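One structure below.
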Amino acid sequence: MTMIAIVRNKGKVASDPATLQFYLSTDNILDAGDVSMGFAAIPAINKKKRKRLKLKIIAPNMPLGEYYLIGEIIDSGDNAASKKTIEFR
């Protein structure tokens, strides 16, 4: 399955490269019980700009039910990882 993610830099300076990791979760909180579905490299993004990322996702073998798709941006610098629920449009 292929998914498109749009990552926006709302900052006042260009961002460093990072990684966008996706997880499938039974709730909206990222924790150790969530299943990794894939990742995409995020290149540096100029201030007030965005990048469109194409990601191939591996659908895990899980029981039928409702799940949350959670994204985690892992900064390549010294900052801590930022965890956010992915918003679909």
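Index from 1, following the sequence. Please read all numbers here as calculations on a predicted model, not as lab measurements.
Heavy-atom contacts from other residues, nucleotides or ligands closer than 6.0 Å to OH of Tyr67 number more than 12.
Considering every non-hydrogen atom in both Pro60 and Leu24, the closest pair reads CG-CD2, 3.8 Å. Across all non-hydrogen atoms, the minimal contact from Lys12 to Lys47 is O-CD, 3.2 Å. Scanning all heavy atoms of the two residues, the minimum distance from Ala44 to Ser15 falls at CB-O, 3.2 Å.
Atom-to-atom distance recorded for Leu20:CG and Leu55:CG is 7.0 Å, nearest 0.5 angstrom. Here Thr19 contributes atom OG1 and Glu72 contributes atom CD; the two are 10.0 Å apart, rounded to the nearest 0.5 Å. Expressed to the nearest 0.5 Å, how far CD1 of Ile74 lies from CZ of Phe39 amounts to 9.5 Å.
Using a 4.5 Å cut-off on side-chain heavy atoms (C-beta onward), Ile58 and Met37 make no contact. In this structure, the side chains of Asn9 and Lys49 stay at 4.5 Å or more apart for every pair of heavy atoms. Residues Ile42 and Leu53 have side chains in contact (heavy-atom distance under 4.5 Å, counting atoms from C-beta outward). By the 4.5 Å heavy-atom criterion applied to side chains, Lys54 and Ile4 are counted as neighbours. Looking at Ile70 and Phe22, their side chains never come closer than 4.5 Å, going by heavy atoms from C-beta outward.
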- Message: Using the rule given for side-chain contact (heavy atoms from CB on, under 4.5 Å), can you reason through Lys51 versus Ile6, listing the C-alpha separation, both sets of side-chain angles and the distance that settles it, and then say yes or no?
- Response: CA-CA 6 Å; Lys51 292 283 184 184; Ile6 297 174; over 6 Å; no

- Task: Carefully, step by step, assess Arg52 and Val7 under the rule side-chain contact (heavy atoms from CB on, under 4.5 Å).
- Result: CA-CA 7 Å; Arg52 183 176 185 260; Val7 179; over 6 Å; no

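Met62 is connected to Leu69 through a chain of hydrophobic side-chain contacts under 4.5 Å among Ile, Leu, Val, Met, Phe, Trp and Tyr, so both are in one cluster.
Applying the side-chain hydrogen bond (donor to acceptor under 3.5 Å, both in side chains) test to residues at least two apart or on different chains, the pairs with a partner in residues 33-44 are Gln21-Ser36, Ser25-Asp34.
Checking side-chain atoms of Lys48 against main-chain N and O of Lys10 turns up a donor-acceptor pair under 3.5 Å.
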